[in-house]
Amino acid sequence: MARVKRAAFADWTYWGRPVPGFGPADAALLVVGLAPAAHGANRTGRMFTGDRSGDVLYAALHDVGLASQPTSVRADDGLELYGVRITSPVRCAPPENKPTPAERDACRAWLVEELTLLRPTLRAVVVLGGFGWQATLPALAEAGWPVPRPRPVFGHGKRVTVGELELFGCFHVSQRNTFTGLLTPEMLREVFRTAADAAGLPTSGPGAAPVWGSGRRKLG
């Protein structure tokens with residue numbers, strides 16, 4: 001896809017490589033997606049940037065005060081995340097945007113390493129979709145968290161305590177889910193508000209700037 005491109009992005013030089021996580025290295029809240037979109041993160045080099053799923057995700061993060069702006073179209077557009085990091089269990093754009101278990105397993109070491117590096121500050125994780133849930137639980141276990149046995153089943157609004165970590169399930173921000181109303185903006189905002197509270201991050205109302213008080217520093 002980075003060679004073929006889409007006509008609308010014919011003048012872009014696509015990133016076309018594994019996409020790293022985005023956000024502060026001392027984040028308290030982690031959002032785990034699925035995989036880079038062929039003409040989104042695979043083009044920009046930043047998770048959930050430049051596609052419709054990202055439009056929904058960043059709008060919700062901004063609405064609750066966890067992002068500096070509601071949209072993100074390229075890696076140098078000035079977007080900042082406050083106390084939040086975004087990553088994915090599959091790091092390269094998969095064929096037909098459908099990651100396989102083999103691709104998930106091949107990339108697991110990178111997710112485990114990212115979780116290990118975040119461990120001193122990480123307090124909550126929001127996992128978008130069942131595929132990401134199935135990838136995140138074994139990665140958490142490998143990074144040293146006491147994942148319950150049997151492993152909890154994914155569900156929207158699911159909340160599981162894993163040691164000092166609060167794990168939240170949320171429907172993925174795919175067009176299929178958002179266009180059909182399976183996942184609404186308010187549902188997504190509610191998950192982020194709850195997870196941010198569990199992570200100790202301040203939130204604000206729709207469109208308002210985040211309030212960083214009580215001696216807390218802005219992470220970004």
Side-chain angles (χ1 to χ4, degrees), residues 1-2 6 9 12-64 66-94 97-99 103-104 106-118 121-122 124-133 135-136 139-140 168-175 177-178 183 188 191-192 195-196 199 201 219-220:
M1 289 295 98
R6 179 175 283 170
F9 307 118
W12 276 73
T13 299
Y14 276 49
W15 174 260
R17 289 171 282 171
V19 179
F22 167 61
D26 56 355
L29 173 61
L30 181 68
V31 178
V32 181
L34 186 64
H39 303 285
N42 187 51
R43 170 172 56 91
T44 66
R46 188 167 72 187
M47 289 291 180
F48 280 108
T49 299
D51 61 43
R52 291 189 176 182
S53 293
D55 292 343
V56 174
L57 177 71
Y58 288 120
L61 288 171
H62 178 260
D63 283 347
V64 300
L66 297 175
S68 63
Q69 59 194 48
T71 60
S72 182
V73 295
R74 59 178 70 237
D76 59 355
D77 61 9
L79 174 69
E80 288 185 84
L81 298 180
Y82 303 128
V84 181
R85 187 172 178 86
I86 299 176
T87 193
S88 179
V90 173
R91 302 303 173 107
C92 294
N97 280 335
K98 296 178 181 178
E103 290 170 318
R104 174 197 67 199
C107 292
R108 178 175 295 161
W110 301 105
L111 181 57
V112 171
E113 181 68 12
E114 194 164 13
L115 288 167
T116 301
L117 292 171
L118 286 168
T121 58
L122 191 62
V125 178
V126 173
V127 183
L128 303 175
F131 184 96
W133 185 267
T136 300
L140 283 170
F168 297 86
C170 178
F171 290 138
H172 195 276
V173 288
S174 66
Q175 291 185 57
N177 289 344
T178 56
L183 178 67
L188 187 58
V191 170
F192 283 142
L201 296 175
L219 302 175

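Everything numeric in this text was worked out from a predicted model, so none of it was measured.
Here the NE2-OH distance, from His62 to Tyr82, works out to 8.0 Å after rounding to the nearest 0.5 Å. Atoms CZ and CD, on Phe22 and Glu80 in that order, are 8.5 Å from each other to the nearest 0.5 Å. How far OG of Ser68 is from CG of Leu79: 4.5 Å, rounded to the nearest 0.5 Å. Atom-to-atom distance recorded for Thr136:OG1 and Phe131:CZ is 10.0 Å, nearest 0.5 angstrom.
The pair Arg46-Asp77 meets the salt-bridge criterion, since a charged nitrogen lies less than 4.0 angstrom from a carboxylate oxygen.
Sorted by first and then second residue, the pairs that involve residues 32-45 and meet side chain to side chain donor-acceptor pair (under 3.5 Å), not counting sequence neighbours, are Tyr14-His39.
Side chain of Thr49 to backbone of Ala75: no donor-acceptor contact under 3.5 angstrom is found. In this structure a side-chain-to-backbone donor-acceptor pair under 3.5 Å is missing from Thr87 to Gly21.
Minimum heavy-atom separation, Ala2 to Gly16: CB-CA, 3.7 Å. Minimum interatomic distance between Ala196 and Leu66 (heavy atoms only, all atoms of both residues): CB-CD1, 4.1 Å. When all heavy atoms of Pro94 and Pro36 are compared, the closest pair comes out as CD-O, 3.6 Å. Ala27 approaches Val84 most closely through the heavy-atom pair CB-C, 3.9 Å. The two atoms that bring Val19 and Ala41 nearest to each other are CG2-O, 3.7 Å, heavy atoms only. Heavy-atom minimum distance, Val127 versus Gly132: CG1-C, 3.3 Å.
Between Leu188 and Cys170, some side-chain heavy-atom pair lies under the 4.5 Å cut-off. Using a 4.5 Å cut-off on side-chain heavy atoms (C-beta onward), Leu81 and Leu61 make contact. Side-chain contact check for Leu128 versus Leu34: every heavy-atom pair is 4.5 Å or farther apart. Between Pro89 and Val32 the shortest side-chain heavy-atom distance falls below 4.5 Å. Residues Phe171 and Val191 form no side-chain contact, since every pair of their non-hydrogen atoms from C-beta on lies 4.5 Å or further apart.
Taking Arg17 as the reference, Trp15 meet the side-chain contact (heavy atoms from CB on, under 4.5 Å) condition, with sequence neighbours excluded. Listed by chain and residue number, Asp105 satisfy the salt bridge (Lys or Arg N to Asp or Glu O under 4.0 Å) test with Arg108 (two or more places apart in sequence, or in another chain). Residues passing the side-chain contact (heavy atoms from CB on, under 4.5 Å) test with Leu122 are Leu30, Leu115, Leu118, Val125, Trp145, Leu165, sequence neighbours excluded. Applying the salt bridge (Lys or Arg N to Asp or Glu O under 4.0 Å) rule to Arg91 yields the partners Glu114; only residues at least two apart in sequence or on another chain are considered.
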Report all side-chain donor-acceptor pairs from residues 53-60 shorter than 3.5 Å, counting only partners two or more places apart or in another chain.
residue: Ser53; atom: OG; partner: Val173; partner atom: O; Å: 2.9
residue: Tyr58; atom: OH; partner: Met47; partner atom: O; Å: 2.6

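Around CH2 of Trp12, the count of heavy atoms belonging to other residues, nucleotides or ligands within 6.0 Å exceeds 12.
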